[in-house]
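To start, the structure itself, in structure tokens.
Numbers here simply count residues along the sequence, with the first being 1. All of these numbers come straight from a predicted model, not from anything done at the bench.
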Amino acid sequence: MPDVRCERKGQALWLTIDREERRNALNEAVLDGLRAGLVEAEATPEIRAVVITGAGDKAFCAGGDLKPNAEGDPFSVDPAERDNPAVKLFRAIVESRVPVIARVNGHALAGGFGLVCACDFAIVADHARLGVPEARIGIFPMMILPFMLRTIPRRKLLELCITGEPISAAEALAHGIVNHVVPRPALDDKVTVLIAAIAASSPTAIAIGRRALATIDGLSLQAGLEYAQRVLPQLARTQDAREGFRAFNEKRPPVWTGR
């Protein structure tokens, strides 16, 4: 789709929101384009990670496109559809078999900040600011609350949502909201290192582990333990697990099949 550039780089699929003149704001086409990229990654075994980023250096994503001449409301709900485009994208991220990395090249605000929180990893340029200014225009960051609650300490989350004040990349790192903060010229190198580290691990273990993490996150402690003890033996019987044990004992790098 024209609003999202999709490019294969080695073992990763890069999805770039290409609306620099709109600060890479979200509309229906962008949300559908990002989701289409995730579907493509799902169908391509050689892809080990998805990278989501924005065009240019000023903005990763400024949230939903609220300009009067914007095309494609990202938050409207078709009565014939179960979910709106934003929820469809978030579901695709949660259900992805590969990790999703936010390459935060600039400011991430409102829904853009929610997109950062929804991704598995966030690597941020040091000049970027992150926040949710919705309360200042009379609304609240409702659609992204489930992901912010899982990523941001509760008191800091309330402060961000109620005051609308953004925080620096360094402060986001201090609160554990993002993984790494680097100077803008080092952003791609840091992403490349993370992709290589992901590719060194079993794709089967990652896929099953991501699903288990999402499931256990919504369970009580007892239910989580019950779920874990049932999933682990299944994981141990996979080809990747057997190869991992053999490689460990033979003191060699494993050769993953993703099965």
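Not one N or O on the side chain of Ser168 forms a donor-acceptor pair closer than 3.5 Å with the backbone of Arg129. At distances below 3.5 Å, at least one donor-acceptor pair connects side-chain atoms of Arg210 with backbone N or O atoms of Ser96. Asn105 contributes a side-chain N or O that, together with a main-chain N or O of Ala59, makes up a donor-acceptor pair within less than 3.5 Å. Using modelled atom types, no side-chain atom of His180 and backbone atom of Phe121 make a donor-acceptor pair closer than 3.5 Å. Between the side chain of Asp18 and the backbone N or O of Asp3, no donor-acceptor pair lies under 3.5 Å.
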inquiry  = salt bridge (charged side-chain N to carboxylate O under 4.0 Å, His left out) for Asp126 and Arg184? Distances and angles first, verdict last.
reply    = CA-CA 7 Å; Asp126 57 7; Arg184 172 62 185 85; over 6 Å; no
inquiry  = Run the salt bridge (charged side-chain N to carboxylate O under 4.0 Å, His left out) test on Arg8 and Glu40 for me, step by step, so that the C-alpha distance in whole Å, both residues' side-chain angles and the decisive distance to 0.1 Å come before the verdict.
reply    = CA-CA 11 Å; Arg8 175 81 177 271; Glu40 180 177 336; over 6 Å; no
task = Could you check Asp120 against Ile101 for side chain to side chain contact (heavy atoms under 4.5 Å, CB included), going step by step and ending with a plain yes or no?
result = CA-CA 6 Å; Asp120 297 292; Ile101 302 166; over 6 Å; no
request  = Give the C-alpha distance, both sets of side-chain angles, the deciding distance and a yes or no for side chain to side chain contact (heavy atoms under 4.5 Å, CB included) between Val87 and Asn84.
outcome  = CA-CA 6 Å; Val87 172; Asn84 72 26; 3.5 Å; yes
inquiry  = Set out, in order, the CA-CA distance, both residues' side-chain angles and the distance that settles side chain to side chain contact (heavy atoms under 4.5 Å, CB included) for Leu194 and Ile123, then state yes or no.
reply    = CA-CA 9 Å; Leu194 178 56; Ile123 300 177; 3.8 Å; yes
ask   = For Ile177 and Leu130, what are the C-alpha separation, side-chain angles and deciding distance, and is it a side chain to side chain contact (heavy atoms under 4.5 Å, CB included)?
value = CA-CA 10 Å; Ile177 300 170; Leu130 304 91; 5.5 Å; no
Identify every side-chain donor-acceptor pair in residues 196-203 under 3.5 Å, counting partners at least two apart or on other chains, and give the distances.
{"residue": "Ser202", "atom": "OG", "partner": "Thr204", "partner atom": "N", "Å": "3.2"}
{"residue": "Ser202", "atom": "OG", "partner": "Ala205", "partner atom": "N", "Å": "3.0"}
{"residue": "Ser202", "atom": "OG", "partner": "Asp240", "partner atom": "OD2", "Å": "2.7"}

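Shortest non-hydrogen contact noted between Gly64 and Ala25 is C-CB, 4.3 Å. Ala43 and Pro45 make their closest contact through O-CD, 3.5 Å (heavy atoms, listed as atom of the first residue, atom of the second, distance). The nearest pair of heavy atoms linking Arg103 to Gly54 is NH1-O, 4.3 Å. The minimum heavy-atom distance linking Ala110 with Ala62 is given by the pair CB-O, 4.2 Å. Of all heavy-atom pairs spanning Cys161 and Ala135, the tightest one is O-CB, 3.4 Å. In plain terms, the two heavy atoms of Ile17 and Phe60 that are nearest each other are CD1-O, 4.3 Å.
The closest side-chain heavy-atom distance from Thr238 to Glu243 is not below 4.5 Å. For the pair Thr192/Lys9, no side-chain contact is recorded, criterion being any heavy-atom separation below 4.5 Å from C-beta on. Between Leu13 and Cys6 the shortest side-chain heavy-atom distance falls below 4.5 Å. A heavy-atom distance below 4.5 Å is not found between the side chains of Leu213 and Ile216. With contacts defined as side-chain heavy-atom distances shorter than 4.5 Å, the pair Phe113/Ile152 qualifies. Contact annotation: the side chain of Met148 never approaches that of Thr151 to less than 4.5 Å [non-hydrogen atoms, C-beta and beyond]. Val51 has its side chain out of reach of Leu15: every pair of non-hydrogen atoms, C-beta onward, lies at least 4.5 Å apart. In this structure the side chain of Ile52 reaches within 4.5 angstrom of the side chain of Leu115, judged on heavy atoms.
Judged as a salt bridge (Lys or Arg N to Asp or Glu O under 4.0 Å), the pairs with a partner in residues 139-165 (not counting sequence neighbours) are, in order, Arg136-Glu165, Arg150-Asp217, Lys156-Glu159, Lys156-Glu171.
Atoms CG and CG, from Leu34 and Leu89 in turn, are 5.5 Å apart once rounded to the nearest 0.5 Å. Ile208 contributes atom CD1, which lies 11.0 Å from atom CD1 of Ile206 (distance to the nearest 0.5 angstrom). In this structure, NE2 in His127 is found 6.0 Å from NE2 in His107, a value given to the nearest 0.5 Å. One distance of note links CD of Glu226 with CG of Leu219; it measures 10.5 Å at 0.5 Å rounding. A distance of 11.0 Å separates CZ in Arg97 from CG in Leu38, rounded to the nearest 0.5 Å. Taking CD1 from Ile139 and CD1 from Ile137, the interatomic distance works out to 4.0 Å, rounded to the nearest 0.5 Å.
Of the charged side-chain nitrogens involved, none lies within less than 4.0 Å of a carboxylate oxygen, so that Asp65 and Arg23 do not count as a salt-bridged pair. Electrostatic pairing of Glu7 and Arg5 does not count as a salt bridge here, judged by no charged N lying under 4.0 Å from a carboxylate O. One finds no salt bridge joining Lys88 and Asp32 here, because no Lys/Arg side-chain nitrogen approaches an Asp/Glu carboxylate oxygen to under 4.0 Å.
More than 12 heavy-atom neighbours from other residues, nucleotides or ligands sit within 6.0 angstrom of CZ on Phe140. Other residues, nucleotides and ligands contribute at most 12 non-hydrogen atoms within 6.0 Å of the CZ atom of Arg211.
Side-chain heavy atoms closer than 4.5 Å link hydrophobic residues (I, L, V, M, F, W, Y) into clusters, and following such links, even through other members, never connects Leu109 to Val30. One hydrophobic cluster, built from ILVMFWY side chains closer than 4.5 Å, holds both Trp14 and Leu187. Phe90 is connected to Val132 through a chain of hydrophobic side-chain contacts under 4.5 Å among Ile, Leu, Val, Met, Phe, Trp and Tyr, so both are in one cluster. The hydrophobic clustering, which links ILVMFWY residues whose side-chain heavy atoms are closer than 4.5 Å, places Val231 and Val94 apart. In this structure, Val98 is not a member of the same hydrophobic cluster as Val193, with clusters built from ILVMFWY side-chain heavy atoms closer than 4.5 Å.
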